[in-house]
Structure formats: structure tokens, C-alpha cells
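Everything on this sheet refers to the single structure shown next.
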Number of protein chains: 2
Amino acid sequence: MSDAPQPALPRMTRQRAAVLVALESSEDFLSAQQWHESLRDHGSAIGLATVYRTLQALAETGEVDAVRDAAGEVLYRRCGNRTRHHHHLRCRECGAAVEIEGPGVEEWASGIGERYGYSHVEHMIELTGLCRRCTTKEG
Amino acid sequence: MSDAPQPALPRMTRQRAAVLVALESSEDFLSAQQWHESLRDHGSAIGLATVYRTLQALAETGEVDAVRDAAGEVLYRRCGNRTRHHHHLRCRECGAAVEIEGPGVEEWASGIGERYGYSHVEHMIELTGLCRRCTTKEG
DNA sequence: CACCTTTTTGACAATGATTATCATTTGCTT
DNA sequence: AAGCAAATGATAATCATTGTCAAAAAGGTG
Ligand SMILES: [Zn+2]
Ligand SMILES: [Zn+2]
Ligand SMILES: [Zn+2]
Ligand SMILES: [Zn+2]
């Protein structure tokens, strides 16, 4: 019984299983196109549109986290903490990321909303930097 | 002496002056295309590419703030506080926004970097909600 | 002002990530 | 096995943003 992760999608297909396996294999944030390339490189025949659709569906169910890089492209990676709301500290160079929880920021964010009379306040917080490895390689 | 704001660009042109005036006329975050439309509507003959270039140049000098909305489009508005680093609380409906300073968040963000061994850490924090007016209109 | 050099403009084409189409295939239930 | 709804994928379409480049304008100089 090779453990194929449980999806949150109506039907399991060869393609979806492949995406789920791929997601398990890396801790990095990659774009839909990069995931597609990776899947192809590892022998999975799968269409680009399917990769886009699957990642988006998984993002909606919370199985994967989606962020936007500086260029505006959307990056995905499996979520390592679906129980609590969190943010990320991602490496601009290689995509490696860690999930961070900040009770303080959450309170700060919601507090700001009330102060200015805004309702339904949401926040978008993403930290980027160079991970230890990439810091060593570069300057 | 109609006060035309001082640019941070090599040469002052009719188009740039028009963009600067337009920026002064609204507190809302609008996309390059929306600014272009607004300029045209107010009688300024100006090319779309020029609006893009001008807003980008102004964003680099810090004269305008640029953020990305949920759809990934870039929105601009004149910066009301060029002296200090800040973030925004923007209305998802109409673009109205206020600038917010948070010494607390800044420290939190930089602290996270050290904790996980990331260097050159940068942060992206944007709050969105519904302003008082839009909250009244909608639900 | 007339001239010169550099920057800017803008109509238009090109880019590129993402989305829409839609005929074909497939998962799953009966 | 049959039937139906969901999923796939090759392809075209979308659309914000960027690139091109000849023509126009800015600013300095004498
Ligand atoms: Zn997560
Ligand atoms: Zn790295
Ligand atoms: Zn500002
Ligand atoms: Zn509003």
C-alpha cells in the first residue's frame, strides 16, 4: 500500500495523484509551470492546464499554499500546517520556505481595521529573504 | 501659480505634469489603465505606455506607492508619507486607502528572519477591507 | 531665437502567465 | 457492461504589461 495522499477533489485521477506526489517531494514554492516541468521530467505525462487546475483546486481546499512572487507569478507548495492560519518566510533564490505563526501580527492587523473603520479586513503578509544555503552561495 | 508638484524625473513634460496632477486629485489606489482612463476622461491626451512608464518611474523614486491587488494587477496612488516606511489598509471595492505605520510589525518581521537563518529579509504587508462608505452600500 | 543632443512619446506589436474551449477520455456508480 | 458527470489536454483566447522605433518635444547654448 503505497501511500497516495488523500485529495479533496471529487475524483482521483492518475494526474492528480502525480501532482500530490510531486508536492510531497519538495518543500519549495514553485510556479504551476515549474511543477509541470518537474512532473514531466519525472516521467508523468500531464497537461499544463491540468496542473494549473489541480493546484488551484488544492489551494482552495487549503492543501497547498499559494503566494505571489515579486514578478506577480503565483507559487505553490504543499501546506505543512492546515490547522492554523499562518504566513511564510520564503527564499527569493530557491523557493525554500518555512511557515510562521504570529499571534501578534494577527491581532495587530485586525486592530488596524477597527481603528480606521474598515470592515471585513484581510491581511496579506509574506516575508522573503535568502535562506542559509543561498546566502552562502551568493554574497 | 497653480502648483505643479515637483517630479523626480529628468524632464518635465505635459504628460508627466498631467499624471502628477491626476495623482493629486485622488486618494485611491488605481491601476495604470484606470489612471489612463481617468486622464483621458479629463481631457488629457496621453498614451497608455506613457502612463505605465511614468507611474513606474514615480514608484521607484517613492513618489507613489504600488501594491498588487488579489487579481495580481498593480495599483498606484501618490504616497502621503515619503519620510517613513509604511503599509496600507485599502478598500477592495473603491480603492480608498490609508497609510499605516507599525513599529511593532517591522520589528516582528526582521526578527523572524534571524530566527530562521534568512538574510536580506524583506516584507510585504498589505491590509484590505471595505471602507466605511462601501460597507454601508453593500452588506 | 535657431540649433543640437538627449529624452520622451505613442501607436503598435510582442510577451507571457493564466484562462477558456470543447471534443475526447476516464472515474465511478448501478 | 452501461451511463453519466467530471476530468483531461491540445489549442486558442485573454489581457496586463513590456518592447520597438520613428517622430516629437525638452532643455541647454550662444
Ligand atoms: Zn501552509
Ligand atoms: Zn535559498
Ligand atoms: Zn506611501
Ligand atoms: Zn470603499
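Below, chain A is the first sequence line, B the second, and so on; all start at residue 1.
Between the two ends of the helix from C:dC1-D:dG30 to C:dT30-D:dA1, each summarised by a five-pair axis, the helix axis turns through 30° (rounded to 10 degrees).
Under the 30°/60° scheme for interplanar angles, the aromatic rings of B:His87 and B:His123 are found to be tilted.
The closest donor-acceptor contact from the side chain of B:Arg40 to the backbone of B:Ile46 lies under 3.5 Å.
At the phosphate of C:dG27, neither OP1 nor OP2 sits under 4.0 Å from any side-chain N or O atom of A:Arg16. Close to C:dG10, at under 4.0 Å from its OP1 or OP2, lies a side-chain N or O of B:Gln15.
The NE2 atom of B:His36 sits 13 Å away from the P atom of C:dC12 (whole-angstrom rounding). In this structure, B:Leu39 atom CG and C:dG10 atom P are separated by 11 Å, rounded to whole Å. Atom CD1 of A:Ile46 and atom P of C:dT25 are 18 Å apart (whole Å). Rounded to an integer number of Å, the gap from CD of A:Glu37 to P of C:dG16 is 15 Å.
B:Tyr52 forms part of a hydrophobic cluster together with B:Leu48, judged by ILVMFWY side-chain heavy-atom separations under 4.5 Å.
In this structure, a donor-acceptor pair under 3.5 Å is absent between the side chains of B:Thr128 and B:Arg90. Side-chain atoms of A:His86 and A:Glu101 form no donor-acceptor pair, as typed in the model, at a separation below 3.5 Å.
Residues B:Leu20 and B:Trp35 are members of one and the same hydrophobic cluster, defined by side-chain heavy-atom contacts under 4.5 angstrom among Ile, Leu, Val, Met, Phe, Trp and Tyr. The hydrophobic clustering, which links ILVMFWY residues whose side-chain heavy atoms are closer than 4.5 Å, places B:Leu130 and B:Leu89 apart.
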Task: salt bridge (charged side-chain N to carboxylate O under 4.0 Å, His left out) between B:Arg78 and B:Glu63, worked out - done: CA-CA 6 Å; B:Arg78 69 171 166 52; B:Glu63 289 229 59; over 6 Å; no
- [ ] Give the B/S/- string for nucleotides 14-27 of chain D, one per nucleotide from 5' to 3', where a protein heavy atom under 4.0 Å of the base yields B, of only the sugar-phosphate yields S, and otherwise -.
- [x] --SBB-B----BBS
